Structures are given as C-alpha cells and as structure tokens.
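Please read all numbers here as calculations on a predicted model, not as lab measurements.
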Amino acid sequence: MGFPLTRVRNIGIMAHIDAGKTTTTERILYYTGRSHKMGEVHDGNAVMDWMEQEQERGITITSAATYCEWRGHRINIIDTPGHVDFTAEVERCLRVLDGVIAVFCAVGGVEPQSETVWRQADHYRIPRIAFVNKMDRVGADFWRCVEMMESRLGANPLPIQIPAGKEDSFNGVIDLVRERLLVFDEATQGLKVTDQEIPDQFRDDSTAARARLIEKLADFDDEVMECFLEEQPVSPEMLLRAIRSATLQLDLVPVLCGSAFKNKGVQPLLDAVVDFLPSPLDVPPVEGEDGKGNPVQRKTSDDERFCGLVFKLTSDPFVGSLAYVRAYAGVLRTGDKVYNAAKRKQEKIGRILRMHANKREEIDAIHAGDIGALVGLKFSTTGDTLCAKGDAILLESIDFPDPVISVAIEPKTKADEDKLAEALARLTLEDPSFRVRTDPDTGQTLISGMGELHLEIIADRLQREFKVGVNVGRPQVAYKETVSVAAQGEGRFEHTASGRPQHGHVLLVVEPLERGMGVDLVNGLDPEIVPEAFWPVIEKSARDALDAGALLGFPVTDIRIRLTGGSFVEDSSSEQGYGIAAAMAMRQALAEAGPVLLEPVMAVEVVLPEEYLGEVIADINAKRGRVQGMESTVPGRQAVRAHVPLAEMFGYATDLRSATQGRASYTMQFHRYELVPDKIAETIIRKVRGIL
C-alpha cells in the first residue's frame, strides 16, 4: 500500500446543500497536487460532480470517492450530497468512514440538513472537525455559527482558529494553537501561505480566544489542566496532542474557518485532518456475528482474515457493476475468492480499482483500513459483508429510510419496454432508497423515492444513461396502513392436488402499535400442536401479507402479529398449506382490525424575511401543518419550523415564491407517519377506488 495505517485517513465531507462541500474538496485536490486545475461547481467542471445532472444543477447527487496525499499521509475522501433527497448516500458513506469534515456556511449557520447529517454521524460515533466556510460573504458570522453548533446540534465546539476580519475585509485566519496569522496569496490562488505575527488589531481577540481554548481543553487533559491552574504557558505540541485525544473521544469538535471559493483556509483544514482525525488504527475493532450469531471482532490489520463491507454499488459504462468496499481487516487481492456472508454465496474478484471520482486506476490489492472498488461481483448488494473463504463473519448492515413519494412510469414505445425493466433493476440495485413495484389494480409500474428531485433525477438517468424513453406521471404520496383495534384471524386450507391432500391451519391476532414502531411478530405457537419445521413459512407468509393492506392495498406498519395456534394433520400438513393458511388468517384479521390510513408528515423549515411571517404561518396552518417553533437566524430574518403532511407540500415552492416575492427558501425531510384525519381519509379512499 505504501502507507502505514497510522498515516491513512478515511474521511467524508458533509453539509447542508450549498454550504461549499464540493468546492472545498476541489481545493483540497488542487493543493495536494491531485488536480492541476481548480474545478468550479458553478462552471459545471468540478471533478467530484461528474454526472451531467450534477453539472447542470450545480449540486452533488451521488457521493464520489477520491484520494490525495498531504504531509506524508494518504487521505481517502468521499464527497457526499447535501440535498435531503439523497440522505441515503450520506448514510452509507458514514457507515464506513473514520472521520468527517462538517462544512457550515458562515451566513446560514447550522441549517436543517446540517442537523440530519450530524445526527447520522452521532449514530455511527464518528469524530469530526468543523469548517465554517464562506467567511468572505456578506452577513458571515463565525461566532454565531459556533453558538448554533452548541444550541442546535448539542455539540461541544472548540474554535482552534478565528477569522482575521470578515466579509470584504476577510484576509486570513488566526491559528490559536501556534498564535500566528496565516495569509493566503491571491496571486498564486492561495498556494502560497505566509505565516505572520498577529497584528495589534486582532491581538486582544486572539488572546481571549486562546485562553478559552486552553480552559476548555483543561477539562479533558490533565497536562493542560496542570499548566492552566499553575498559569504556565502551554506549548503548541501539548495543545495538538490534547485536541487530538479529545476529538477521538468525541468530547470536542475542533472548529476552523475560511473561504474555499476564495482559496483561503484549506491547507490548515488539511493539517487538521492529519492532526486530529483518526487513522484506521484509532477506531475500535469492527464487530460482527459469526454463523451461529455469536459476537466476533476483527482488528484493523493485514495479518487478520479478510473482512469488508460493500457500501455502494454503481453502474459503470466501461466495467459494468462496481462495488465500493471498505476493507476492515486482512488483504484482498485480484483473483481471490470471497464469501458473501449475507447472501451465502461465493464471489470471485475480477479486478480491484482505486477511484478518483469517475476515473479509475487498477491496483493489485486493497489492505485493511482502505477503500476500493471491486469488479466482477454477481450477488453482492449494498450492506453485504465479504469475508475470507471458509469464514462467516456478518457485519452490521446499513438501514435505509422508506421512500415517501411515488410516480407512475411507463415506456414510450414497445422497444423501450424490456429496456425499462432492466434499467430499473440496475437502479434499484444501486440505490437502496429507490423502490419499484407494480400496482395490483392498475398494472402500472410505480417508482418510489425520497422526494420529487430524487425521482426527477431517476427519470433523467433512464433517458440519458440507459437510453430508455419514458412517460412519467404526477407525484403521489406513499401512504401506509395500520390497524386501530385488535382482531383475530383464522386460516384453514384443505386441498387435494395430484391425489395428495394439503393441509394448513393457523390462528393469529393482530394489534395496533404506537407510531414509528414498525412490525413486531411474536411467535406463541406450541410445537406439540404445530411442529417447529413449519414456523419459518408461517412467519414469512404473515409478514408478506403486510405488503398490501385491507383498506387500499398500501403496506401495513405499526402492528404486532401474535401467532397463537393452529392444527396439524399427519401426512397432509405441508409448508405450502401453512403458508396459504397464514396469508388467509392475516387477510381476515387485517380486514376486521379497523384498518386506517397513515400519511408521511415532513419536517419543514422556512427561512424568510420577518415581514412575511404572518402570511407564511397562515399558509402552513391551512396546509394542516403544525408550527413547532421559530427563531431569528440573522437580523430581519426568521426560521419557521413546522410539521406538514407531504400531500399538502406539492407545489409549495411556487406558493412560497409568490407569498414572499421570491425572498424565502424552504427545506423539508421525512419526520414520521401519522394518521390521516377521517374526512381526508374518506376522500383519498373514494379517489383510489375510483368512486369520485
């Protein structure tokens, strides 16, 4: 590999849309010598935004992987999307990363999607550093951003830099650890960095900020505490050691600042990645289960047996399907045979690639702690574990949210029909938050995703990438169903086929659960009445029946199924009989348990000038929304947070534009499923059943 594990960093760059993630990544690639020209998002020539759809819209849609070198370290970087419709992309990348740079806009501060990705990083316990970008913009406020990190994210930020000036006068950053001013030469596009004495005008601020830094660090480091109490000077080396330790323990988040677009502050950010973020050896050994469900661990070492996680699949026009893998232990070489513990299949590694956005470089092997792309996998999908032949370790998979919006899609011509099915199958494999199903009543193909933009991109890719002509219908809400009362169901199946009798008899009860609880199956069967050999098929059939509810055929959730009894007949009871009986019992129970409709409710945040506040809140209330709170973001502007049913949010961008003369913006993301009010449910039921 050429780099010892202590000199490897696997990091991601995450943020709200338009905070400057991709621009920051482009500067990192330029200053590390990986690119010879700076790409710009607004010009559509950013290396990391290589898809046509990304270049046209100026946003990141798919996470792109690359690598670079800095101060003798290899840094593997994944640039993640900021738009809420592509949260699944962030989720699967964070699952395999060791550290993260969280980018914040100095004007917008902590925005809604910043919170979402921060919570995802909390879930995986990933150490992170924060970069307050766009310090040159009008309205930039470094300290307000730091305060918002505390109040909105519950973080413990530790500013290790402060800006030298702001807005038009922003000309560099003050390094509080070494007490120096760093100025970035505009003539060399920021390549030349000069290290200067701190000017008198910033001396008081930097002294006070450094004192706060030492005081905060003293709570987490005994050596710093001793110097602080005895009023002894604290050396930069001691501070760097203490900051690294507190960052790795998730006690503190070092905060840096700059302006990536103006080429200021990126090299110190790279230094912070090397100094403070973990190497693969700094993270705990990966944990999984063996074939019998017992916990097992693998240390990050080439000497261990190979173990890796497939975290992303993509279709590549030149090499076919690419599987991105994080190697946690051992070495994987070209031509090796590996075991997919999730699918229980053997795979052969055709080629191994190191990716640089959409460019690829062939390598012989990936080592423990590294990230690479594999060619030739036939059975593996996102979240699968690959391990050495003869091994059976299964790592924790990746959970993806359910889609909340659907559209009907149909091929334009007969020739497009077969191509459409194949293209949709490939897209489903690539994107676990994208689903395809056929409506049992109309026979239409429905595609479901996380939002209107998500489905718009899918339709665009079908036409451009897969050359399939499609017609797309209007967006529809992905409703679900649940039950309101407990009910019993009985299924009895008696049938004779080819002279052989088939028997199945199942008793069960369904009960409502609280919102968000999902599906709980309790097996209370007595093995003396129904033999254990038939339990798996009964459980599977009961769960499968939840795919289509009794009310309108939407999936059923927030329900407990209790298998209570049945009967067994020697020589005629069969798996097929019990499977059909369980499905019959479920249909009966669901029909009698007071089926009700659930709708997705979105967490919406609207940022607007104060003078339009009354009008916007009245509109939210009219959309069946509930305002959760308001806060002033910058003087004269308010952020309104509300929960609004998705069904009411179609076309909201136009409504908001006309209500605020185009001066407001909004973001929304899935919050949870809630009951549809009776009157509205009646209208939906009549419409779906074609009565209206």
Novice: For the atom pair CD (Glu605) and CD (Glu115), what is the distance rounded to the nearest 0.5 Å?
Specialist: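 Atom-to-atom, Glu605:CD and Glu115:CD are 7.0 Å apart.
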Novice: Does Val640 reach the side chain of Met630, with side-chain heavy atoms less than 4.5 Å apart?
Specialist: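 Sidechains of Met630 and Val640: in contact.
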Novice: The test is salt bridge (Lys or Arg N to Asp or Glu O under 4.0 Å); show your working for Arg9 and Asp282 and say whether it passes.
Specialist: CA-CA 10 Å; Arg9 300 287 182 271; Asp282 293 317; 5.4 Å; no
Novice: State, to 0.1 Å, how close Leu182 and Val193 come at their nearest heavy-atom pair, and which atoms those are.
Specialist: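 Distance-wise, the nearest heavy atoms are CB-CG1, 4.2 Å.
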Novice: Pro157 and Glu150: which non-hydrogen atoms are nearest, and at how many Å?
Specialist: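 For Pro157 and Glu150, the tightest heavy-atom pair comes out as CD-CG, 3.3 Å.
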Novice: Which heavy atom in Asp431 sits nearest to a heavy atom in Arg92, and how many Å separate them?
Specialist: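 Heavy-atom minimum between the residues: CA-NH2, 4.4 Å.
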Novice: Please determine which of Arg298, Arg326, Lys299, Gln297 meets the side chain to side chain contact (heavy atoms under 4.5 Å, CB included) test together with Val286.
Specialist: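 Single side chain to side chain contact (heavy atoms under 4.5 Å, CB included) partner of Val286 among Arg298, Arg326, Lys299, Gln297: Arg298.
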Novice: In Å, rounded to the nearest 0.5 Å, how long is the span from CH2 of Trp70 to CD1 of Ile28?
Specialist: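 If we round to the nearest 0.5 Å, Trp70:CH2 and Ile28:CD1 are 10.0 Å apart.
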Novice: What residues form a salt bridge (charged side-chain N to carboxylate O under 4.0 Å, His left out) with Lys134, not counting sequence neighbours?
Specialist: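 By the salt bridge (charged side-chain N to carboxylate O under 4.0 Å, His left out) rule, Lys134 matches no residue at all.
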Novice: Spell out, as yes or no, whether a donor-acceptor pair under 3.5 Å connects the side chain of Asn263 to the backbone of Arg27.
Specialist: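 Checking the backbone N and O of Arg27 against the side chain of Asn263, no donor-acceptor pair under 3.5 Å is found.
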Novice: First locate atom CD1 of Ile162, then atom CZ of Phe142, and finally report the distance between them rounded to the nearest 0.5 Å.
Specialist: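 The distance works out to 8.0 Å.
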Novice: So do Phe276 and Ile160 actually touch side chain to side chain, heavy atoms under 4.5 Å?
Specialist: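 They are in contact (side-chain heavy atoms under 4.5 Å apart), so the answer is yes.
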Novice: Run the numbers on Phe104 and Leu153 for side-chain contact (heavy atoms from CB on, under 4.5 Å), then give the verdict.
Specialist: CA-CA 12 Å; Phe104 298 95; Leu153 304 176; 3.8 Å; yes
Novice: Any side-chain heavy-atom pair from Glu631 and Arg641 closer than 4.5 angstrom?
Specialist: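 Glu631 vs Arg641: side chains touch.
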Novice: For Gly449 and His454, work out which heavy atoms get closest and say how close.
Specialist: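 Nearest pair, atom of Gly449 first, then His454: CA-ND1, 3.5 Å.
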Novice: Are the side chains of Leu252 and Ile243 in touch, meaning some heavy atoms are under 4.5 Å apart?
Specialist: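 In short, these two side chains do not touch, never coming nearer than 4.5 Å.
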Novice: For Pro268 and Leu256, which heavy atoms make the closest approach, and how far apart are they?
Specialist: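 Taking every non-hydrogen atom into account, O-CD2, 3.7 Å.
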Novice: Strictly distance-based, threshold 3.5 Å: is any side-chain N or O of Asn133 a donor or acceptor partner for the main-chain N or O of Ala19?
Specialist: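 Yes, because the side chain of Asn133 sits within donor-acceptor range (under 3.5 Å) of the backbone of Ala19.
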Novice: Check this for me, if you would: do Arg626 and Glu674 make a salt bridge, where the nitrogen-to-carboxylate-oxygen distance has to be below 4.0 angstrom?
Specialist: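 Yes, charged N to carboxylate O under 4.0 Å.
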Novice: Can you tell me how far the CD atom of Glu456 sits from the CD1 atom of Ile458, to the nearest 0.5 Å?
Specialist: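 Atom-to-atom, Glu456:CD and Ile458:CD1 are 11.5 Å apart.
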Novice: Apply side-chain contact (heavy atoms from CB on, under 4.5 Å) to the pair Ile371 and Tyr67, showing each step before the final yes or no.
Specialist: CA-CA 10 Å; Ile371 291 172; Tyr67 65 95; over 6 Å; no
Novice: Taking the side chain as everything from C-beta on, heavy atoms only, tell me whether Gln638 gets closer than 4.5 Å to Val616.
Specialist: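 No. Closest side-chain heavy atoms not under 4.5 Å.
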Novice: May I have all residue pairs that pass side chain to side chain donor-acceptor pair (under 3.5 Å) and include part of residues 201-210, sequence neighbours excluded?
Specialist: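 For residues 201-210, and leaving out neighbouring residues, there are no side chain to side chain donor-acceptor pair (under 3.5 Å) pairs at all.
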Novice: Looking at side-chain heavy atoms only, is the closest gap between Asp98 and Leu277 below 4.5 Å?
Specialist: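 Side chain of Asp98 against side chain of Leu277, heavy atoms only: no contact under 4.5 Å found.
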Novice: Which residue, Lys264, Lys166, Lys262, forms the salt bridge (Lys or Arg N to Asp or Glu O under 4.0 Å) with Asp136?
Specialist: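 Result: among Lys264, Lys166, Lys262, Lys262 is the only option passing the salt bridge (Lys or Arg N to Asp or Glu O under 4.0 Å) with Asp136.
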Novice: Main chain of Ala102, side chain of Arg128: is a donor-acceptor contact present, judged purely on distance under 3.5 Å?
Specialist: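 No: the side chain of Arg128 does not pair with the backbone of Ala102.
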Novice: Measuring from atom OG of Ser279 to atom NE2 of His73, what distance do you get when rounded to the nearest 0.5 angstrom?
Specialist: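 Going from the OG atom of Ser279 to the NE2 atom of His73 covers 8.5 Å.
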Novice: Mind checking whether Val96 and Lys312 have side chains closer than 4.5 Å, heavy atoms only?
Specialist: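 No, too far: nothing below the 4.5 Å cut-off.
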Novice: Step by step, work out the side-chain contact (heavy atoms from CB on, under 4.5 Å) result for Phe400 and Thr382.
Specialist: CA-CA 10 Å; Phe400 293 103; Thr382 302; 3.7 Å; yes
Novice: Compare every heavy atom of Phe670 with every heavy atom of Met602, then report the nearest pair and how far apart it is.
Specialist: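 Answer, listing the atom of Met602 first, then Phe670: CE-N, 3.4 Å.
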Novice: So does Arg7 get a backbone contact from the side chain of Arg74, meaning a donor-acceptor N/O pair under 3.5 Å?
Specialist: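 A pair under 3.5 Å: no.
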Novice: Hey, what do you get for CZ (Arg178) to CD (Glu237), rounding to the nearest 0.5 Å?
Specialist: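 Reported to 0.5 Å precision, the distance equals 10.0 Å.
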Novice: What do you reckon, is CG of Asn621 surrounded by more than 12 foreign heavy atoms closer than 6.0 Å?
Specialist: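 Result for CG/Asn621: enclosed.
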Novice: Look at Asp558 together with Arg515 and state whether they make a salt bridge at an N to O cut-off of under 4.0 Å.
Specialist: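 Judged by the 4.0 Å cut-off on N to carboxylate O distance, Asp558 and Arg515 do form a salt bridge.
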Novice: Apply side-chain contact (heavy atoms from CB on, under 4.5 Å) to the pair Asp275 and Arg71, showing each step before the final yes or no.
Specialist: CA-CA 10 Å; Asp275 290 337; Arg71 281 176 36 193; 2.8 Å; yes
Novice: Ignoring hydrogens and geometry beyond distance, is a side-chain donor-acceptor pair present between Asn156 and Asp251 at under 3.5 Å?
Specialist: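 Checked: Asn156/Asp251 side chains show no N/O donor-acceptor pair below 3.5 Å.
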Novice: List for me each residue that meets side-chain hydrogen bond (donor to acceptor under 3.5 Å, both in side chains) alongside Arg95, sequence neighbours excluded, and say none if there are none.
Specialist: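 Partners of Arg95 under the side-chain hydrogen bond (donor to acceptor under 3.5 Å, both in side chains) test: Tyr328.
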